[in-house]
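What follows is a set of notes on a single structure, which appears directly below.
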Amino acid sequence: MSSTPDETRTDESPEPAGPRPGGPLLDRPIRQVLLVGHTHHDVGYTNSPRLIDDLHAATVRRVLDLCDTNDGDGPDAFRWTFEVARPVLRFLDDAAPADVERLRRRVAEGRLAVTGGYLNMTQLLGDAELDAAYGALGRLRAAGVPVRTEQHGDVNGIAWGTVDAMRRAGADRLVMALNPDHGRAPYPQPTGFWWQGPAGGRVFVWLSTHYGVGEEWGIVDGDVEAAEAHVADFVAALEKRDDYPYDTAVVHAANDNRWPTALFLEVVRHWNARHPEQPMRTATIDEALDVLRPQAEAAEVPVARGEWSDWWAHGHGSTAREVAVYREARSFARAAQTTLGLTRLRGDGAPALADVMGYRRGPVRLRSDAEVARDLDRVDAELLLFAEHTWGSWETYSKPYSSFSHAHWNAKAGFAYGAFDLARDLAVEGLFRVVASGGEAGGVPGGTAGTDATRVVVVNPTERARTEPVDVEVHGRTRARTVATVPAFGVTTVPLPAPAGAARAAREIACGAYRAVVDPARGGVVSLVHLPSGRELVDADAAGHGLGAVVTETVVPGSEHPMVVRDPKDFHPDFPGPDFDRRPAAGTEEPLVTEGESWARIAWWTTPPGLPPATTTLTLYRDLDVVDLEVALVKPEAFGPESIHVAFPFRVEDPEFLLETAGAVYAAESEQLPDTSKDWYSVQHAVGVHRPGSGGGVLWGSVDAPLVQLGGLHTGEWARTLHAPTGYLSSWLMNNLHFTNFQARQEGTRAYRYRFAAVDGPVTRERVRVFGRDLAEPLQARAYDGPVTVDGGLGLRVSPADRVLAEVRPMPDGTVRVRLRNVGAEPVDAEVAWDGPGRVRVAGDGRVPLGPHGVGEVLLRREP
């Protein structure tokens, strides 16, 4: 057993004579110091991601060997925490049974702990990736390795839905070792508090010191004198705090990608020889929280509810193109798992196979069930590796031209492109298979087998009927856009639309529910009227530019801000600013209007300061109450602080902004942890903008870019309170504002896509959630001349479809899982049923009671 402090000692016990190093003796002593050995897990940073991932997997055997050579149960026994789960999961992939037993035994002894975070993740993750990450913990438990705690380092925020996802995965303790660079902690570090999730459950959060003190203080290198002085100062500072109700100090023995050694054990021995009254011992993070959590319960520490919005999330804008690719990849992945799952239930028909290994012509062969499961898991892993927090190398800024910096980013970006390639290929195969599934061609009413004409086949991968625009490539030469109505989990086929008419010069366009006026000199749309309600949606006068305007943001010339004249690291709350020069793009060419069968479009050209011309396109629909906007940018490589925004100055006074995060929708400001980011936010896809009680607002969504600023541009304010007097919403496309890790340059050519709609009724959290999900899982469409055996529903039915979201996935055991999410705060009794061809067994009669914001699942299996 591990040694413990003298449990008979009380606050009234006499103190040892003489002062402690670093501070005077006080009445509320720290009784023990727990030293937690681990390595901070970066997939990259100190070396290429291509190498680091394998090296972390190799640390597991290294740690087991160190346990053997530093055995025992004394205070200086080697104890270790695997900060994230992925290295251990990879170890289990090929470990011999004897090595798996070594791991299990050491965990049972309390010498090792494995935590529940897959990697140290950013807020890019959505619901499906969270579930994939936590779902992997089942493999650990199957190997006899319990998981009770998640440890998260460096990233200064985490999505609110993580609380509920953790609890579903069986973990209810979270350690956040925030990085002190350019960000704030919600409470003084270290401390503990309860974080309440959207569903009402709580996790205990230990807001720790930054793990980097392990190296900074000499601990991981065994510098016993330096370590003693620093730890003594740390302990003394804790004892002076009136808000620290704990008798234990937790110190990290870690730093970035440190190879495990036992040198920190010398620090324990040295400290205990000098400080017997205040013993130090090694501990796992599980053991540390076993000590701290009961003391927090007794002290009634704070309960916080809301988003932990990440100050470091602006890094998502440092690689705008690759983040867009990542988001595209996960959309393909969700479509693929749905269509392949439905095909498994319906049975394969005779899909049109190609004789060229290219996605345009379809699959050349069909994957087996095992191959489908394998490739979906590969996509999950690539997505998680990209969304992990290590954006660049440790010389990204100091040596931006070095081969190592470029090689590192090439490897990191490769995770996004790897996920994209495989997910796109799976999605194409899934579409070809599902439209031909369920029997011989022509055997289903409405089937179109044998039709030679090219048409547009559209698949709805979700549980509710949808009417949406779809855009398809035709014969590799042109693109066509139309609007399709598709039943839930269904297929429809519509004629290929006729070519659009000739473009004409005009500044005004009216189509369906909207009338728009564009002024290129002001950068964009200066009036957008929602005709059914008569509401003007754009506040161009207050903003000084139009909707869709590209706004550049650069540091004012001659700035003497510390980040400019001293160190880019001084982009930091301690140094508000710098002042920025913000200028909207402007143009002189007349816009061009083009009209198709179901839509009308206006395009205009502006030149953002310092950039080539940008093309912006606004599309309205005759029978659909949404607006699509696309901005095509050419961004030359540039170094130095800069930003690019796309402006959406909505006319909403005193607005509330409802933001979609993983697993939740929250109100900016009122549903955030204290001192979390108010300057910028990373969202999944959707934002609701409304004035509470007014009965009208806007639903807005971004397909490609996650970062937004609210109520105006706030870069560098480091605000403690959100100042948002108007409904101005900025899509913060790109920025270059960090001293390390994020890329030192910003470049790339891409079109960025947005959709929004006027809302006359209440803008609810549920509507925001569904709007975002629909952008993440768009209708799948293809110009197609192969066999289509169904026109209508594919057989899967989820109810009540207006209360839940459903995700379909084929599982390795031959079943198909339907995961259901309650998007509301009221309980719902959900049901999954099968009305399609063949015999399909639905487990448990398909009934799933879901609590508020609850998640459940049903398994289906096709029977012979």
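Numbers here are sequence positions counted from 1. Worth knowing before you read on, the calculation uses all heavy atoms, side chains too, and leaves out hydrogens, waters and symmetry mates.
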Relative to the ring of Tyr187, is the ring of Phe193 parallel (under 30°), tilted (30 to 60°) or perpendicular (over 60°)? tilted
Quick check: does any side chain N or O of Gln672 sit under 3.5 Å from a backbone N or O of Glu669, one acting as donor and the other as acceptor? yes
Would you call Arg809 and Asp377 a salt bridge, using N to O less than 4.0 angstrom? yes
Expected output: side-chain Arg535 to main-chain Val759 donor-acceptor under 3.5 Å: yes
Test: Asp829 and Arg803 ion pair at under 4.0 Å: no
Where is the tightest heavy-atom contact between Phe489 and Pro461, given as atom of each residue plus distance? CE2-O, 3.3 Å
Which word best sums up how the rings of Trp680 and Trp311 line up, parallel for under 30°, tilted for 30 to 60°, or perpendicular for over 60°? perpendicular
Do NZ/NE/NH1/NH2 and the carboxylate oxygens of Asp172 and Arg293 come within less than 4.0 Å? yes
Of the non-hydrogen atoms in Arg330 and Leu124, which two are nearest, and what is the gap between them? NH1-O, 2.9 Å
Could I get the full list of side-chain hydrogen bond (donor to acceptor under 3.5 Å, both in side chains) partners for Asp704, not counting sequence neighbours? Arg750, Arg753
Would the distance check show the side chain of Asn822 and the main-chain N or O of Glu826 forming a donor-acceptor pair, the cut-off being under 3.5 Å? yes
Less than 4.0 Å between a side-chain N and a carboxylate O, is that true for Arg173 and Glu150? no
Correct closest heavy-atom pair for Val763 and Gly697 would be CG2-CA, 3.9 Å
Thinking salt bridges, do Asp127 and Arg819 make one under a 4.0 Å N-O criterion? no
Which pair of heavy atoms, one from Gly793 and one from Pro487, lies closest together, and at what distance? N-CG, 3.8 Å
Taking the ring of Phe650 and the ring of Phe756, is the distance between their centroids below 6.0 Å? yes
Taking Glu831 first and then Arg847, would you say they form a salt bridge - that is, a charged N and a carboxylate O separated by under 4.0 Å? yes
Taken in chain and number order and not counting sequence neighbours, the residues that satisfy side-chain hydrogen bond (donor to acceptor under 3.5 Å, both in side chains) with Thr815 are Asp813
Basic-acidic side-chain contact under 4.0 Å: Arg720, Asp675: yes
Return the set of residues passing ring pair (Phe, Tyr, Trp, His ring centres under 6.0 Å) with Tyr728 (not counting sequence neighbours), or none when no residue passes. His545
Assess the residue pair Thr485 and Thr467 against the criterion (side chain to side chain donor-acceptor pair (under 3.5 Å)); give the C-alpha distance rounded to whole Å, side-chain angles, the decisive distance to 0.1 Å, and a yes or no. CA-CA 4 Å; Thr485 298; Thr467 300; 2.8 Å; yes
Minimum heavy-atom separation for Leu775 and Ser331, please, with both atom names. O-OG, 4.4 Å
Run through Arg773, Arg755, Glu777, Arg327 and flag the one making a side-chain contact (heavy atoms from CB on, under 4.5 Å) with His685. Arg327
Which residue pairs satisfy the side-chain hydrogen bond (donor to acceptor under 3.5 Å, both in side chains) criterion with at least one member in residues 196-206, sequence neighbours excluded? none
Mind running side chain to side chain contact (heavy atoms under 4.5 Å, CB included) on Tyr681 and Leu707 for me, showing each step along the way? CA-CA 6 Å; Tyr681 299 84; Leu707 288 176; over 6 Å; no
Taking Pro762's backbone N and O only, do any of them form a donor-acceptor pair with Arg767's side chain (distance below 3.5 Å, no angle check)? yes
Arg466: partners by side-chain hydrogen bond (donor to acceptor under 3.5 Å, both in side chains), with sequence neighbours left out: Thr462, Glu468
Salt bridge (Lys or Arg N to Asp or Glu O under 4.0 Å): which pairs involve residues 685-697, sequence neighbours left out? Asp654-Arg691
So Val808 and Val816, side chain to side chain contact (heavy atoms under 4.5 Å, CB included) or not? Walk me through it. CA-CA 7 Å; Val808 180; Val816 174; 3.6 Å; yes
List the atom of Asp164, the atom of Gly197, and the distance in Å for their closest heavy-atom pair. OD1-CA, 3.8 Å
Between Tyr134 and Arg167 (side chain of the first, backbone of the second, donor and acceptor by atom type, cut-off under 3.5 Å), is there such a pair? no
Please verify the inter-ring angle class for Phe648 with Trp700; under 30° counts as parallel, over 60° as perpendicular, anything in between as tilted. perpendicular
Is a side-chain donor or acceptor of Lys678 paired with a backbone partner of Ala719 at a separation under 3.5 angstrom? no
Salt bridge Asp131-Arg821, side-chain N to carboxylate O under 4.0 Å: yes
Counting C-beta onward and ignoring hydrogens, is there a side-chain heavy-atom pair between Val84 and Asn120 closer than 4.5 Å? yes
Looking at Thr162 and Ile158, would you say the former's side chain and the latter's main chain have a donor-acceptor pair under 3.5 Å? no
Intermediate values then yes/no, side chain to side chain donor-acceptor pair (under 3.5 Å), Ser731 and Tyr752: CA-CA 10 Å; Ser731 172; Tyr752 297 89; over 6 Å; no
